[in-house]
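Right, one structure below, let's go through it.
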Amino acid sequence: MSRIAIIDFETTGMTPNAGDRATEVAIVIAEQGVAVDRFQSLMNAGVRVSSFITQLTGITNAMLAQAPPADAVMREAARFVGQHTPMVAHNAAFDRRFWVAELERAGVAAPQPFACTVLLSRRLYPEAPSHRLGALVDRFQLPRTGRAHRALADAEMASELLGRIQHDLRTRHGVGNPDHAFLMALQRCSRAALPAFMRAQQSRCSATSSPLP
DNA sequence: TGCCAGGCCCTCTTTAGGGCCTT
């Protein structure tokens with residue numbers, strides 16, 4: 001396992017193409033499955049949040065009025081992650097859309113590949129009744145470090161979930177090195193093809209004499 | 001007035017529809 005950035009956005013809505021903007025971003029850096037660094041900031045994109053969003057996240061228009069400009073926050077976030085650090089998010093399609101859109105506004109490239117803990121959870125835990133982040137955190141009794149629907153607390157929970165997924169891949173499926181490239185391949189694998197995919201991975205581990213935990 | 005997305009998965013499917021997941 002190597003360096004991975006786990007990200008979570010709070011936003012004004014679901015889609016940047018419809019004018020929605022990010023209001024908060026948090027990033028946890030995990031190395032060898034352990035959180036080693038964190039970035040978190042509210043951001044002022046010059047938009048107002050609805051009462052629904054304030055009720056959901058606790059983020060108010062007064063808080064955003066005091067926040068640094070969105071483009072400055074995003075440039076700092078991009079520097080924090082680095083161009084070569086792969087990323088992970090819970091429902092990555094959502095966070096990736098805002099990562100790309102907000103960085104584009106700030107004039108920064110967003111080349112990082114995104115793996116998705118929702119897709120990975122559906123592959124590995126098909127019996128789970130819900131794949132919501134909070135439900136999975138409860139199911140695996142992972143630690144909660146703050147209020148749900150705040151960016152840093154959700155990024156921390158997603159990081160914990162990623163650690164659990166990597167742990168289960170090693171201990172239950174014999175995957176010696178569940179790195180980001182493996183996670184990307186796994187989430188693209190259909191459920192029907194999953195057993196063969198895992199067998200192939202286990203054979204590769206055995207052939208390279210990777211010790212199983 | 002009411003609604004507004006996108007990608008993935010499952011099934012009573014594949015020339016489709018509905019649910020999940022994110023704010």
Side-chain angles (χ1 to χ4, degrees), chain A residues 5-28 40-64 67 70 73-74 77 87-105 110 112-140 142 144 146-162 164-165 183-198:
Chain A
I6 301 95
I7 189 168
D8 186 80
F9 278 107
E10 304 304 320
T11 72
T12 63
M14 290 298 176
T15 173
N17 289 340
D20 290 322
R21 298 295 304 272
T23 57
E24 187 178 41
V25 61
I27 300 158
V28 173
Q40 179 274 330
S41 182
L42 290 165
M43 63 177 84
N44 185 350
V47 295
R48 296 183 63 81
V49 294
S50 66
S51 58
F52 169 77
I53 292 295
T54 295
Q55 190 170 19
L56 178 70
T57 66
I59 295 171
T60 66
N61 286 303
M63 291 164 67
L64 295 182
V73 171
M74 290 306 300
M87 303 183 77
V88 168
H90 197 68
N91 196 16
F94 174 86
D95 290 286
R96 184 178 181 279
R97 280 200 301 274
F98 280 94
W99 178 250
V100 170
E102 293 291 351
L103 283 180
E104 185 174 15
R105 287 175 178 271
Q112 300 86 353
F114 272 68
C116 176
T117 47
V118 173
L119 298 181
L120 293 168
S121 174
R122 286 175 176 163
R123 295 291 179 280
L124 295 178
Y125 316 117
E127 74 286 357
S130 169
H131 296 277
R132 288 185 171 200
L133 181 58
L136 292 167
V137 164
D138 289 343
R139 179 180 180 85
F140 297 123
L142 301 174
R144 290 176 179 267
R147 172 184 173 144
H149 295 298
R150 285 301 298 266
L152 184 57
D154 283 3
E156 296 268 16
M157 288 193 289
S159 177
E160 293 284 346
L161 176 59
L162 175 64
R164 171 68 189 227
I165 287 170
L183 299 176
M184 294 290 287
L186 175 59
Q187 72 179 31
R188 285 192 298 264
C189 180
S190 71
R191 182 172 292 182
L194 190 61
F197 177 84
M198 288 296 191

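Residue numbers begin at 1 in each chain, while the letters A, B, ... track the order of the sequences.
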> Quick one: is A/H131 getting a side-chain N or O under 4.0 Å of the B/dC20 phosphate, OP1 or OP2?
Replying inline: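 For B/dC20, OP1/OP2 do not have a side-chain N/O of A/H131 under 4.0 Å.
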>> Is there a side-chain contact between A/S130 and the phosphate of B/dC21, meaning an N or O under 4.0 Å from OP1 or OP2?
In response: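 Checking A/S130 against B/dC21: at least one side-chain N or O falls below 4.0 Å of OP1 or OP2.
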Which whole number of Å gives the distance between the [atom1] atom of [N] and that of [M]?
N	M	atom1	value
B/dC3	B/dG19	P	15 Å
B/dC20	B/dT1	C1'	28 Å
B/dT23	B/dG6	C1'	14 Å
B/dT14	B/dC8	C1'	16 Å
B/dC12	B/dG18	C1'	12 Å

Scan [X] against the nucleic acid and name what it touches under 4.0 Å (heavy atoms): base, sugar-phosphate only, or nothing.
X	value
A/L119	sugar-phosphate
A/F9	sugar-phosphate
A/D8	sugar-phosphate

Quick one, [X] and [Y] - any side-chain contact, counting heavy atoms below 4.5 Å?
X	Y	answer
A/L152	A/E24	no
A/S130	A/R139	no
A/L120	A/L161	no
A/E10	A/D154	yes

Separation of [X] atom [atom1] from [N] atom [atom2], in whole Å?
X	N	atom1	atom2	value
A/N17	B/dT23	CG	C1'	15 Å
A/M14	B/dG7	CE	P	15 Å
A/W99	B/dT22	CH2	C1'	17 Å
A/Y125	B/dC8	OH	C1'	19 Å
A/R139	B/dC21	CZ	P	12 Å
A/L56	B/dT22	CG	P	10 Å
A/R122	B/dC10	CZ	P	8 Å
A/F52	B/dC4	CZ	P	14 Å

Go through [options] for me and flag the one nearest to the [X] side chain.
X	options	answer
A/E10	B/dT23, B/dT22, B/dC20	B/dT23
A/N91	B/dG7, B/dT22, B/dA5	B/dT22
A/R132	B/dT22, B/dT23, B/dG6	B/dT22

Which value, rounded to the nearest 0.5 Å, describes the distance between [X] atom [atom1] and [Y] atom [atom2]?
X	Y	atom1	atom2	value
A/T57	A/R150	OG1	CZ	6.5 Å
A/L124	A/L194	CG	CG	7.0 Å
A/R105	A/F98	CZ	CZ	10.0 Å

> Of the residues in residues 149-162 of chain A, which ones touch DNA chain B at a heavy-atom distance under 4.0 Å?
Replying inline: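 Hits under 4.0 Å, by residue number: A/H149, A/D154.
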> Which residue lies toward the 5' end of DNA chain B, A/G13 or A/R97, if each is placed at its nearest nucleotide?
Replying inline: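 Of the two residues, A/R97 wins.
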> Nearest nucleotide by nearest heavy atom, which residue falls closer to the 5' end of DNA chain B, A/F94 or A/S190?
Replying inline: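 Mapping each residue to its closest nucleotide by heavy atoms, the 5'-most match is A/S190.
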> For A/T15 and A/D20, what are the C-alpha separation, side-chain angles and deciding distance, and is it a side chain to side chain donor-acceptor pair (under 3.5 Å)?
Replying inline: CA-CA 6 Å; A/T15 173; A/D20 290 322; 5.7 Å; no
